[in-house]
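To start, the structure itself, in structure tokens.
To find a chain, count down the sequence lines: A is the first, B the second, and so on, and within it residues start at 1.
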Amino acid sequence: MNTAILWFRRDLRLADNPALHLALREAERLIPVFIWSPEEEGEWAPGGASRWWLHHSLADLAGELAKRGCPLVIRRGDSLAELRRLARETGAGGVFWNRLYEPAAIARDTRIKEALREDGLEAQSANSALLIEPWQIRTGGGDPYRVFTPYWKAAQALLPAGRLEPVPAALVPAAEPPQSLPLEALELLPRIAWAAAFPGRWQPGAGGARQRLERFAEDVVLDYSARRDQPAQDATSGLSPHLHFGDIGPRQVLMRMQRALAEDRGSGRIATTDHFLREIGWREFAHHLLFHFPRTPTEPLYDKFAAFPWRKPKDYAADLAAWQRGRTGVPIVDAGMRELWTTGIMHNRVRMIVASFLTKNLLIPWQEGAKWFWDTLVDADLANNTLGWQWTAGCGADAAPYFRVFNPVLQSQKFDPQGEYLRRWLPELAALPTDRLHMPGAQRPAIVDLAETRQRALDAYARIKGA
DNA sequence: GCTCCATTGAC
DNA sequence: TCAATGGAG
């Protein structure tokens with residue numbers, strides 16, 4: 001084959017890109033293409049924050065490709081139609097891509113693979129996004145895992161080893177350059193100034209991802225176990241949006257961590273690196289679950305929770321709005337929701353706190369929280385978002401037992417003892433003494449009584465228990 | 001079928 | 001202490 005199409009989706013990098021190497025094995029000339037087709041992702045088209053990231057990550061990828069003499073082609077519309085058109089225009093003999101695991105994407109890609117093969121084209125997919133593909137791991141009984149610890153234990157034996165595919169220094173483009181839209185034509189950037197603070201916080205793209213991984217592996221991971229749960233600290237990797245868009249892949253992360261370990265065995269690095277890789281394991285587990293239980297983005301994994309007595313939309317609309325805007329009167333909740341709105345991210349510890357508050361204290365369905373996160377997080381990822389929300393709501397895999405209701409005041413005191421995080425995101429409270437800072441009503445009257453609503457949640461759970 | 005372990009907590 | 005549950009053995 002003379003020419004191959006490399007179809008980029010959420011693998012926006014040249015390093016450790018197996019589809020790229022599949023294509024280069026088959027063909028001399030390469031046509032890298034990105035097709036904007038959000039309607040093909042059903043209910044889960046990228047949200048506003050994700051689109052901001054995608055724009056900049058695509059710009060970075062286009063730059064890297066141009067440097068190697070092989071410009072990125074940008075199209076919009078029906079993916080299959082555009083791939084066929086591109087193959088016709090260029091005489092390409094095949095299409096290569098890296099797999100996605102969302103139900104809508106799997107259905108689309110399966111259909112496209114069949115259609116391209118019927119056209120007489122080669123069509124092949126590869127794995128760039130996961131250490132272990134969802135179908136590689138089963139319990140002794142042959143079922144998918146639903147509990148993390150045994151899943152991750154089984155995963156150890158299947159972790160990839162060996163070298164990663166190198167980045168080609170140069171690529172050969174199509175004989176005739178195909179038509180391409182300018183990136184701006186996709187209109188991915190928000191029209192309002194909402195994302196104004198994002199560029200100071202993030203550098204989307206493969207270069208930014210590599211810098212983050214280096215900094216983390218050299219320095220931050222040393223204290224990861226001790227500091228990861230404190231939202232005021234800059235003690236996490238910050239890799240989640242990069243991993244979502246494939247600016248970097250989990251194999252690159254794993255190999256870098258293994259190198260860090262090899263460089264200084266005997267230090268405290270072993271335990272803390274394992275702890276971090278365990279979090280990468282949660283990402284793998286989330287994809288395992290989404291693949292095997294594709295209805296979970298909207299439905300509880302365990303059927304009996306379908307009968308859970310959530311409040312009704314007309315009753316909770318005002319409380320939901322207060323939660324979204326960071327006006328609940330519970331400081332740690334409001335701080336987290338403001339961090340999310342301003343930066344497109346929220347510390348994982350705080351995600352659990354605000355999610356517990358929404359589902360248990362406000363008794364609002366977890367799906368509402370999942371939708372809000374979907375639109376506001378730069379790292380919005382269907383697998384991770386679904387697992388996180390169902391975990392907190394108590395209806396999903398490896399869930400916290402429902403009777404474990406987070407107390408946001410205790411959580412705040414424990415994980416932000418100096419009130420540093422609270423003062424950062426609620427500057428109007430900066431002058432308060434720390435002990436008062438954590439308390440509901442410090443800034444505005446709390447919309448609910450914590451003790452009362454905790455009991456209401458426990459009662460609601462008791463009603464469906466054993467159903 | 002049984003025991004044991006683990007499970008980002010609160011009272 | 002409370003308490004539910006999956007998974008391993």
**Complete:** Taken to the nearest whole Å, CH2/A:Trp152 to C1'/C:dG6 is 19 Å

**Prompt:** Pairs in or reaching into residues 144-166 of chain A: which pass salt bridge (charged side-chain N to carboxylate O under 4.0 Å, His left out), with residues at least two apart or in two chains?
**Reply:** none

**Request:** Verify the contact: side-chain N or O of A:Lys153 to OP1 or OP2 of C:dG6, cut-off strictly under 4.0 Å; return yes or no.
**Result:** no

**Prompt:** Sequence neighbours excluded, which residues qualify as side-chain hydrogen bond (donor to acceptor under 3.5 Å, both in side chains) partners of A:Glu41?
**Reply:** none

**Prompt:** When the distance from CD1 of A:Ile137 to P of C:dA8 is rounded to whole Å, what number comes out?
**Reply:** 11 Å

**Request:** Looking at every strand, decide which applies to A:Arg278 at a 4.0 Å heavy-atom threshold: base, sugar-phosphate, or nothing.
**Result:** sugar-phosphate

**Request:** Would you indicate, yes or no, if B:dC11 has its OP1 or OP2 atom less than 4.0 angstrom from a side-chain nitrogen or oxygen of A:Arg454?
**Result:** yes

**Prompt:** Looking only at side chains, do A:His244 and A:Asp381 share a donor and an acceptor under 3.5 Å apart?
**Reply:** yes

**Request:** Could you provide the dot-bracket string of DNA chain C, using ( ) for intrastrand pairs, [ ] for crossing pairs and | for bases paired to another strand, with Watson-Crick or G-U pairs below 3.5 Å?
**Result:** ||.||||||

**Request:** Would you mind listing every side chain to side chain donor-acceptor pair (under 3.5 Å) that reaches into residues 360-370 of chain A, with sequence neighbours excluded?
**Result:** A:Tyr316-A:Glu368, A:Asn361-A:Thr453

**Complete:** With sequence neighbours left out, the residues meeting salt bridge (charged side-chain N to carboxylate O under 4.0 Å, His left out) with A:Arg51 are none

**Message:** In whole Å, I'd like the distance from the CZ atom of A:Arg146 to the C1' atom of C:dA8.
**Reply:** 15 Å

**Request:** Round to a whole Å and report the spacing from CG of A:Leu458 to C1' of B:dC11.
**Result:** 11 Å

**Asked** With a non-hydrogen cut-off below 4.0 angstrom, is A:Gly141 in contact with a base, only sugar-phosphate, or nothing?
**Response** nothing

**Request:** With the side chain of A:Tyr461 defined as its heavy atoms from C-beta on, choose the nearest nucleotide among C:dA4, B:dG9, C:dG7.
**Result:** C:dA4

**Request:** Output all residues satisfying side-chain hydrogen bond (donor to acceptor under 3.5 Å, both in side chains) with A:Arg424, sequence neighbours left out; order by chain, then residue number.
**Result:** none

**Message:** Categorize A:Arg349 for me: base, sugar-phosphate, or nothing, with a 4.0 angstrom heavy-atom threshold over every strand shown.
**Reply:** base

**Message:** Given 3.5 Å as the limit, does a donor-acceptor pair link the side chain of A:Gln390 with the main chain of A:Ala397, or not?
**Reply:** no

**Prompt:** Rounded to the Å, how far apart are A:Lys414 NZ and B:dG9 C1'?
**Reply:** 8 Å

**Fill in**
note: A:Tyr151, atom OH; B:dA6, atom C1'; distance rounded to Å ~ 18 Å

**OP1 or OP2 of B:dG9 under 4.0 Å from side-chain N/O of A:Asn407** = no

**Asked** Tell me, which pairs form a side chain to side chain donor-acceptor pair (under 3.5 Å) where one or both residues lie in residues 318-336 of chain A, sequence neighbours left out?
**Response** A:Arg311-A:Asp319, A:Thr328-A:Asp334

Show each protein N/O and nucleotides 2-5 of chain B N/O combination with a separation under 3.5 Å, one pair to a line.
none

**Residues touching DNA chain B, which here means a heavy atom under 4.0 Å, drawn from residues 281-300 of chain A** = A:Trp282

**Prompt:** In whole Å, what is the span from the CZ atom of A:Phe305 to the P atom of C:dT5?
**Reply:** 8 Å

**Item:** Steps toward ring pair (Phe, Tyr, Trp, His ring centres under 6.0 Å) verdict (A:Trp389, A:Phe373)
**Value:** CA-CA 10 Å; A:Trp389 278 97; A:Phe373 272 25; 5.0 Å; yes

**Asked** Atom OH of A:Tyr302 and atom C1' of C:dG6: how far apart are they, to the nearest Å?
**Response** 7 Å

**Asked** Of all the nucleotides listed (B:dG9, C:dA4, C:dG7), which has the minimum atom distance to the side chain of A:Lys304?
**Response** C:dA4

**Request:** Measure from the side-chain heavy atoms of A:Thr149 and tell me the nearest of C:dT5, B:dT7, B:dC11.
**Result:** B:dT7

**Prompt:** Just checking A:Tyr145: base, sugar-phosphate only, or nothing, at a heavy-atom cut-off of under 4.0 Å?
**Reply:** sugar-phosphate

**Asked** Sequence neighbours excluded, which residues qualify as side-chain hydrogen bond (donor to acceptor under 3.5 Å, both in side chains) partners of A:Asp234?
**Response** A:Arg215

**Item:** Residues forming a side-chain hydrogen bond (donor to acceptor under 3.5 Å, both in side chains) with A:Lys113, sequence neighbours excluded
**Value:** A:Ser125

**Request:** Would you list the pairs meeting side chain to side chain donor-acceptor pair (under 3.5 Å) in which at least one residue belongs to residues 440-449 of chain A, sequence neighbours left out?
**Result:** A:Glu428-A:Gln443

